[in-house]
Amino acid sequence: QVQLVESGGGLVQAGGSLRLSCAASGRTFRNYGMGWFRQAPGKEREFVAAISWSGDSTYYADSVKGRFTISRDNAKNTVYLQMNSLKPEDTAVYSCAADWRGYGARTTESYDYWGQGTQVTVSS
């Protein structure tokens, strides 16, 4: 069982930055691939970024490539999402998820555990 708790969301102006954190419980965190997803009002949940268990492989949605960076610290059981050059269209609830297979993936079906999410609002 893995429990995930996100933090770091908030209100920021367009062009600003935020860093989201996802703290995981459980000694096996280092074995899990991790992902970030987001859901805006009236829209489906969409993939944002993912990272493999080792951190060697990362994946990004085209809409955030070059602006967002996913990373992890297995000693702290935490995965991060650094978000720069934020745009109003980045406004959403951001959730982290854990994939026991370890790869990190782009599809929601690949993930076994989810956090509750943290709100990110970007004003124009």
Side-chain angles (χ1 to χ4, degrees):
Q1 187 79 10
V2 175
Q3 292 185 327
L4 305 172
V5 179
E6 302 93 339
S7 61
L11 174 64
V12 64
Q13 288 188 333
S17 299
L18 284 174
R19 189 176 82 155
L20 305 184
S21 299
C22 172
S25 64
R27 293 176 293 177
T28 58
F29 170 79
R30 64 180 66 249
N31 297 332
Y32 284 77
M34 299 295 295
W36 285 97
F37 289 76
R38 66 187 183 186
Q39 187 168 21
K43 295 187 177 181
E44 292 189 352
R45 181 177 286 175
E46 65 172 356
F47 169 75
V48 176
I51 188 167
S52 63
W53 68 273
S54 64
D56 288 346
S57 297
T58 56
Y59 312 93
Y60 296 94
D62 288 343
S63 59
V64 307
K65 199 172 295 182
R67 300 188 297 122
F68 290 11
T69 303
I70 189 171
S71 61
R72 66 189 297 158
D73 185 339
N74 286 343
K76 295 183 178 181
N77 280 14
T78 302
V79 64
Y80 304 98
L81 185 68
Q82 177 67 44
M83 305 187 296
N84 299 329
S85 302
L86 283 161
K87 304 175 181 180
E89 51 263 43
D90 294 319
T91 295
V93 174
Y94 284 70
S95 300
C96 65
D99 163 24
W100 72 268
R101 298 160 192 80
Y103 303 129
R106 296 174 179 268
T107 60
T108 58
E109 295 78 11
S110 299
Y111 291 87
D112 308 284
Y113 302 101
W114 291 84
Q116 291 298 311
T118 185
Q119 176 70 47
V120 171
T121 303
V122 185
S123 63
S124 57

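These values consider heavy atoms only, across backbone and side chains, with no hydrogens, waters or symmetry-generated copies. For clarity, every value in this text was computed on a predicted model and none was experimentally measured.
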- prompt: Who are the ring-ring contact (aromatic ring centres under 6.0 Å, His included) partners of Y60, not counting sequence neighbours?
  reply: none
message: I need the full list of side chain to side chain donor-acceptor pair (under 3.5 Å) pairs touching residues 2-26, with sequence neighbours left out, sorted by first then second residue.
response: S17-N84
field: Contacts of type side-chain contact (heavy atoms from CB on, under 4.5 Å), residue S71, not counting sequence neighbours
entry: Y80
query: Should the ring pair F37 and Y111 be called parallel, tilted or perpendicular, given that the plane angle runs from 0 to 90° and is split at 30 and 60?
result: perpendicular
field: Test side chain to side chain donor-acceptor pair (under 3.5 Å) applied to T121 - qualifying residues, sequence neighbours left out
entry: Q119
So do the side chains of [X] and [Y] get within less than 4.5 Å of each other, counting heavy atoms only?
X	Y	answer
F29	N74	yes
D99	Y32	no
M83	V12	no

- prompt: At what distance, to the nearest 0.5 angstrom, does SG of C22 lie from CH2 of W114?
  reply: 10.5 Å
query: If you measure from CG on D73 to CZ on R30, what distance do you get to the nearest 0.5 Å?
result: 9.5 Å
message: side chain to side chain contact (heavy atoms under 4.5 Å, CB included) for V64 and R38? Distances and angles first, verdict last.
response: CA-CA 12 Å; V64 307; R38 66 187 183 186; 4.0 Å; yes
statement: Residues pairing under salt bridge (charged side-chain N to carboxylate O under 4.0 Å, His left out) where one sits in residues 103-124, two or more places apart or in two chains, turn out to be R101-D112
field: Salt bridge present between D62 and K65 (N-O < 4.0 angstrom)
entry: yes
message: Going by salt bridge (charged side-chain N to carboxylate O under 4.0 Å, His left out), name the residues that satisfy it together with E89, two or more places apart in sequence or in a different chain.
response: none
- request: Looking only at non-hydrogen atoms, find the nearest pair between V79 and W36 and report the distance.
  value: O-CZ2, 3.9 Å
